[in-house]
Amino acid sequence: MMETEWAPALTINGETSYEAKRECKIGFEHTLERMDGENLHSLVLWHYPADEEFASPDYLDQYLQCAGTAERLTIEFRYTRSDGTYVHFVLCREEPEGDETSAIHPRYPSIQVYPEDVWTAAEAAPIFDYYAREVMIPDWVLGREIEM
């Protein structure tokens with residue numbers, strides 16, 4: 001049985017989706033640096049079978065997403081288990097030490113994050129580059145499961 005080869009795609013602000021060929025060639029940092037919290041406020045990186053024609057899906061089983069600005073991003077990872085249930089993680093550098101949280105951006109007042117959950121575009125880019133290639137998050141990043 002052949003293993004499926006995957007091609008990466010991006011969805012911008014929950015509206016526009018496209019094949020992420022350019023980002024895979026030059027890296028994701030430039031795209032993440034453009035995040036201003038208004039015109040570009042969220043990115044979702046997902047994969048589709050490389051042997052199929054590109055099309056925006058109705059539902060994503062697995063993805064890496066971020067929201068906020070180039071200076072202050074939150075990154076989340078979601079995958080669906082074989083039983084159809086999903087697990088959602090916020091990515092962090094280390095486990096939070098305190099209980100103080102803040103909104104990632106005024107556009108997203110309900111997204112409260114710990115300081116350990118906040119990334120810059122430059123810090124997030126290697127995570128997106130890795131996920132685009134490997135279809136998994138790198139092992140040097142922690143994931144804390146969250147309820148959605």
Side-chain angles (χ1 to χ4, degrees), residues 3-50 56-57 59-148:
E3 193 171 312
T4 302
E5 188 173 328
W6 298 98
L10 274 175
T11 300
I12 305 283
N13 297 339
E15 298 171 355
T16 304
S17 297
Y18 63 91
E19 296 171 280
K21 292 178 182 177
R22 178 179 172 274
E23 287 82 1
C24 287
K25 188 178 251 184
I26 65 168
F28 283 81
E29 188 168 358
H30 178 72
T31 301
L32 291 163
E33 285 288 347
R34 291 182 28 238
M35 294 187 70
D36 62 4
E38 298 300 325
N39 296 315
L40 179 53
H41 53 81
S42 68
L43 294 173
V44 179
L45 176 58
W46 48 281
H47 292 81
Y48 65 97
S56 297
Y59 176 81
L60 294 173
D61 290 329
Q62 179 172 311
Y63 56 82
L64 183 69
Q65 69 180 4
C66 67
T69 67
E71 297 80 26
R72 191 169 161 77
L73 294 169
T74 182
I75 307 171
E76 298 174 356
F77 171 68
R78 174 179 165 155
Y79 74 91
T80 303
R81 297 181 184 117
S82 59
D83 67 2
T85 61
Y86 67 85
V87 184
H88 203 101
F89 296 91
V90 63
L91 301 188
C92 54
R93 282 179 218 72
E94 57 191 55
E95 288 297 323
E97 292 185 13
D99 56 4
E100 185 177 328
T101 62
S102 62
I104 194 66
H105 186 271
R107 180 181 199 95
Y108 300 104
S110 65
I111 302 177
Q112 295 289 310
V113 294
Y114 295 99
E116 296 85 357
D117 302 341
V118 179
W119 305 82
T120 65
E123 294 167 335
I127 300 168
F128 276 77
D129 293 339
Y130 186 92
Y131 184 76
R133 281 190 319 273
E134 305 296 332
V135 197
M136 64 177 58
I137 59 172
D139 59 7
W140 47 268
V141 174
L142 296 178
R144 188 176 66 259
E145 188 172 349
I146 57 175
E147 296 293 321
M148 293 300 288

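Keep in mind it's a predicted model, so treat the numbers as computed, not measured. We number each residue from 1, following the sequence as shown.
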Just how far is it from atom [atom1] of [X] to atom [atom2] of [Y], taken to the nearest 0.5 Å?
{"X": "Ile12", "Y": "Asn39", "atom1": "CD1", "atom2": "CG", "result": "11.5 Å"}
{"X": "Leu40", "Y": "Thr69", "atom1": "CG", "atom2": "OG1", "result": "10.5 Å"}
{"X": "Leu64", "Y": "Phe77", "atom1": "CG", "atom2": "CZ", "result": "7.5 Å"}
{"X": "Thr16", "Y": "Leu10", "atom1": "OG1", "atom2": "CG", "result": "11.0 Å"}
{"X": "Trp6", "Y": "Tyr48", "atom1": "CH2", "atom2": "OH", "result": "11.5 Å"}

Exercise. So which pairs with a foot in residues 79-94 pass salt bridge (charged side-chain N to carboxylate O under 4.0 Å, His left out), sequence neighbours left out?
Worked result: Arg93-Glu123
Problem set entry | Qualifying salt bridge (charged side-chain N to carboxylate O under 4.0 Å, His left out) pairs with a residue from residues 9-22, counting only residues at least two apart or across chains | Glu19-Lys21
Validation: residues 111-119 side-chain donor-acceptor distances under 3.5 Å, sequence neighbours left out:
unit_1, atom_1, unit_2, atom_2, d
Gln112, OE1, Thr101, OG1, 3.2
Gln112, NE2, Pro109, O, 2.9
Glu116, OE2, Glu97, N, 3.4
Asp117, OD1, Arg144, NH1, 3.1
Asp117, OD1, Arg144, NH2, 3.4
Asp117, OD2, Tyr114, N, 3.1
Asp117, OD2, Arg144, NH2, 2.8
Trp119, NE1, Leu91, O, 3.2
Trp119, NE1, Asp117, O, 3.4

Problem set entry | Backbone N/O of Gly14 and side chain of Thr11: donor-acceptor pair under 3.5 Å | no
For this session: With His88 as reference, evaluate Arg78, Glu76, Glu145 under the side-chain hydrogen bond (donor to acceptor under 3.5 Å, both in side chains) test and give the passing residue.
Result: Glu76
Problem set entry | Glu33: side-chain contact (heavy atoms from CB on, under 4.5 Å) partners, not counting sequence neighbours | Glu29, Ala70, Ala121, Ala122
Check side-chain hydrogen bond (donor to acceptor under 3.5 Å, both in side chains) between [X] and all other residues, then give those that pass, not counting sequence neighbours.
{"X": "Asp61", "value": "none"}
{"X": "Tyr79", "value": "none"}
{"X": "Asp99", "value": "none"}

Exercise. Can you name the one residue among Leu73, Thr74, Val44 that meets side chain to side chain contact (heavy atoms under 4.5 Å, CB included) with Cys66?
Worked result: Leu73
For this session: Would you name the heavy atoms of Trp46 and Ser56 that are closest together and state the gap between them?
Result: CH2-CA, 4.2 Å
Problem set entry | Closest heavy-atom pair and its distance - Val141, Cys92 | CG1-O, 3.9 Å
Exercise. Counting only heavy atoms not in Glu95, do more than 12 fall under 6.0 Å of its CD?
Worked result: yes
Exercise. Side chains of Glu23 and Leu45: does their closest heavy-atom pair fall under 4.5 Å?
Worked result: no
For this session: Mind checking salt bridge (Lys or Arg N to Asp or Glu O under 4.0 Å) for Glu71 and listing every partner two or more places apart, or none if nothing turns up?
Result: none
May I have the list of side-chain donor-acceptor pairs in residues 127-140 shorter than 3.5 Å, sequence neighbours left out?
unit_1, atom_1, unit_2, atom_2, d
Asp129, OD1, Phe28, N, 2.9
Tyr131, OH, Gln62, NE2, 3.3
Arg133, NH1, Asp129, O, 3.4

